[in-house]
Amino acid sequence: MAAYEYSALNARGREEKGLIEADTPRQARQLLRDRGLSPLEIHEVSGSQAKAVTGLFQRDGASISVAELSLFTRQLATLSRSGLPLDEALAAVAEQSESKRVKRIALGVRAGVIEGNTLANSLNQFPKVFPPLFRATIEAGEHSGKLDHILERLADYVERRQYMRTKVLLAVLYPIILTIVAFVVVTALLTYVVPQVVQVFQDIHAELPVLTRVLIALSYFLRHWGIYLLIAAGAGIFTFVRMLGNEAFKRRVHAFQLRVPLVGRLTRGANTGRFTRTLGILFGSGVPILDAMRIGTQVVTNLPMRDAIEDAAIKVREGAPLSRSLGASKLFPPITVHLIASGESSGRLDDMLNRAAENQEKEIEAMVATLVGVFEPALIVTMGVIVALIVLAILLPIFDLNQLVK
């Protein structure tokens, strides 16, 4: 039984869209007529038409959010763990989902499973939705007969990544909003409020204090050249983003990031955490270490670190230990290398990889919390100092006028 996306008219003449399961397009049309709908268009979503599936999905954005992927994986893992057949589990996931994209994907994967394909092959229809980590891990789970256990681990992995991403986003959201508000307030003061007040002092041709003259000059610059400054900044950002498309330039930027004290530590920690978590899941699921390293490089965004992993894979292929191969680059935290070495010597490499990932995730979380905790009061104090200087620059001429009157 295949899945079909349909467009039909109801009894009131309004167009309705949705998904329906049937053996043939003809049967799908008949089922729609039985519901009182007049079919207009029907597109098959099945494993036998991978091109149609991909094209259909790309019209809807060619991806799903991390939250949707997390929920899909958890629901499928829970239903599989309860003993429900895979095709029924996928049908239940599609029925429970409120997202049309997830519903379409679930029915498309189910159609592939019903046709006799493995779950991993059915997921291959949607390469932009399910990353290589998913497909390789599920394939290993199917070969080992532990698919339900593997799905549980994948669900934990996706939920943990979603949790970390949400926590970091919430941590930096307030400082970003505070920075934008501070910038807007100071700009409004300098471009609108200050000229209105200072004009009074200029009309009397009195000699103004240095601070006031500096404020007037800054206000004049922003009013007459501020738009060009914004255009130049926008052009610079656009040019930089375009230049990042050049791999050589991007590699130099990423190498510079690693050398910056605080940024480098965050970059190394985040990439190491993602890599070791991915490697732990793949290796623990039965994926060969070299294939696991190859797939693991795809979650590493820093190019020098990715190159270091590829070089380490060559050394591992030649018989060198993983810990020594990764430690040779000096790009990975020493504690991670030590934990991997301990896992290799004790035969518990997947456990130690997961422990290394947890260590890095906790460290990144603590660093972000510390930075936000320091940045917020620092920004408030800076904002207060700037506003105080503006107010002082306006009040100083008033004090001088009072002295003249006396």
Side-chain angles (χ1 to χ4, degrees), residues 133 153 156-169 171-172 250-284 287 289-318 320-375:
L133 164 67
R153 294 193 66 179
D156 292 338
Y157 170 79
V158 177
E159 287 173 356
R160 191 176 288 108
R161 286 199 63 180
Q162 171 68 5
Y163 168 78
M164 282 294 298
R165 181 175 299 186
T166 303
K167 193 155 189 177
V168 171
L169 179 62
V172 301
K250 188 175 182 180
R251 196 177 299 277
R252 289 196 297 270
V253 172
H254 285 186
F256 175 74
Q257 284 180 348
L258 294 175
R259 291 194 298 268
V260 177
L262 191 58
V263 175
R265 189 175 174 184
L266 285 170
T267 302
R268 279 193 296 270
N271 282 278
T272 301
R274 286 195 298 266
F275 173 69
T276 50
R277 179 71 67 186
T278 303
L279 195 62
I281 288 180
L282 290 169
F283 185 71
V287 178
I289 187 65
L290 290 175
D291 292 337
M293 293 181 70
R294 176 181 54 81
I295 296 171
T297 57
Q298 299 184 28
V299 301
V300 178
T301 57
N302 187 269
L303 292 183
M305 294 187 70
R306 186 182 296 180
D307 294 340
I309 295 171
E310 292 173 353
D311 293 339
I314 296 174
K315 295 177 182 178
V316 171
R317 186 183 295 115
E318 295 172 352
L322 175 62
S323 56
R324 190 187 304 166
S325 303
L326 290 174
S329 64
K330 305 294 184 184
L331 294 179
F332 297 90
I335 189 171
T336 298
V337 176
H338 289 314
L339 286 172
I340 293 175
S342 175
E344 288 177 312
S345 61
S346 63
R348 299 169 53 212
L349 180 58
D350 55 336
D351 291 339
M352 289 302 170
L353 284 168
N354 290 326
R355 187 172 296 181
E358 290 175 5
N359 177 271
Q360 291 302 313
E361 289 167 358
K362 290 179 180 178
E363 185 176 342
I364 292 297
E365 188 177 337
M367 288 179 63
V368 171
T370 303
L371 287 175
V372 171
V374 172
F375 178 77

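In this text the structure is predicted, and so the values were computed from the model without any measurement.
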Are any non-hydrogen side-chain atoms of [X] and [Y] less than 4.5 angstrom apart?
| X | Y | answer |
| --- | --- | --- |
| K362 | M367 | no |
| D350 | I281 | no |
| M305 | T272 | yes |
| F275 | L326 | yes |
| I309 | R294 | no |
| I340 | M352 | no |

Would you give the length of the straight line joining atom [atom1] of [X] to atom [atom2] of [Y], rounded to the nearest 0.5 angstrom?
| X | Y | atom1 | atom2 | value |
| --- | --- | --- | --- | --- |
| R355 | I335 | CZ | CD1 | 10.5 Å |
| L353 | L339 | CG | CG | 9.0 Å |
| F283 | L290 | CZ | CG | 10.5 Å |
| N302 | K250 | CG | NZ | 9.5 Å |
| E159 | T166 | CD | OG1 | 11.5 Å |
| I289 | L282 | CD1 | CG | 9.0 Å |

Please tabulate, one pair per line, all N/O donor-acceptor pairs under 3.5 Å involving side-chain atoms of residues 262-269, not counting sequence neighbours.
from	atom 1	to	atom 2	distance (Å)
R265	NE	E363	OE2	3.1
R265	NH2	E363	OE2	3.0
T267	OG1	V263	O	2.8
R268	NH1	L258	O	3.1

Qualifying residues under salt bridge (Lys or Arg N to Asp or Glu O under 4.0 Å), relative to D291, sequence neighbours excluded
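Scan of D291 (salt bridge (Lys or Arg N to Asp or Glu O under 4.0 Å), adjacent residues dropped) gives none.
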
Determine which pairs satisfy side chain to side chain donor-acceptor pair (under 3.5 Å) with at least one residue from residues 303-318, sequence neighbours left out, and list them in order.
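Matches after skipping sequence neighbours: R251-D307.
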
Pairs in or reaching into residues 336-347: which pass side chain to side chain donor-acceptor pair (under 3.5 Å), with residues at least two apart or in two chains?
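Listed by first then second residue: S323-E344, T336-Q360.
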
Walk me through it: do L279 and L349 pass the test side chain to side chain contact (heavy atoms under 4.5 Å, CB included)?
CA-CA 10 Å; L279 195 62; L349 180 58; over 6 Å; no

Checking T278 now: which residues fulfil side-chain hydrogen bond (donor to acceptor under 3.5 Å, both in side chains) with it, not counting sequence neighbours?
Y157

Could you list all the salt bridge (Lys or Arg N to Asp or Glu O under 4.0 Å) pairs where at least one residue sits in residues 274-284, not counting sequence neighbours?
R277-E361

Is it the case that over 12 heavy atoms from other parts of the model lie below 6.0 angstrom from the CZ atom of R160?
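Buried by this count: over 12 neighbours within 6.0 Å.
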
On a heavy-atom basis, which atom in H254 and which in P304 lie closest, and how many Å separate them?
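Shortest heavy-atom separation between H254 and P304 comes out as CB-CD, 3.6 Å.
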
Quick check: closest heavy atoms across V316 and S325, and the distance to 0.1 Å?
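Scanning both residues completely, I find the closest heavy atoms to be CG2-OG, 3.8 Å.
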
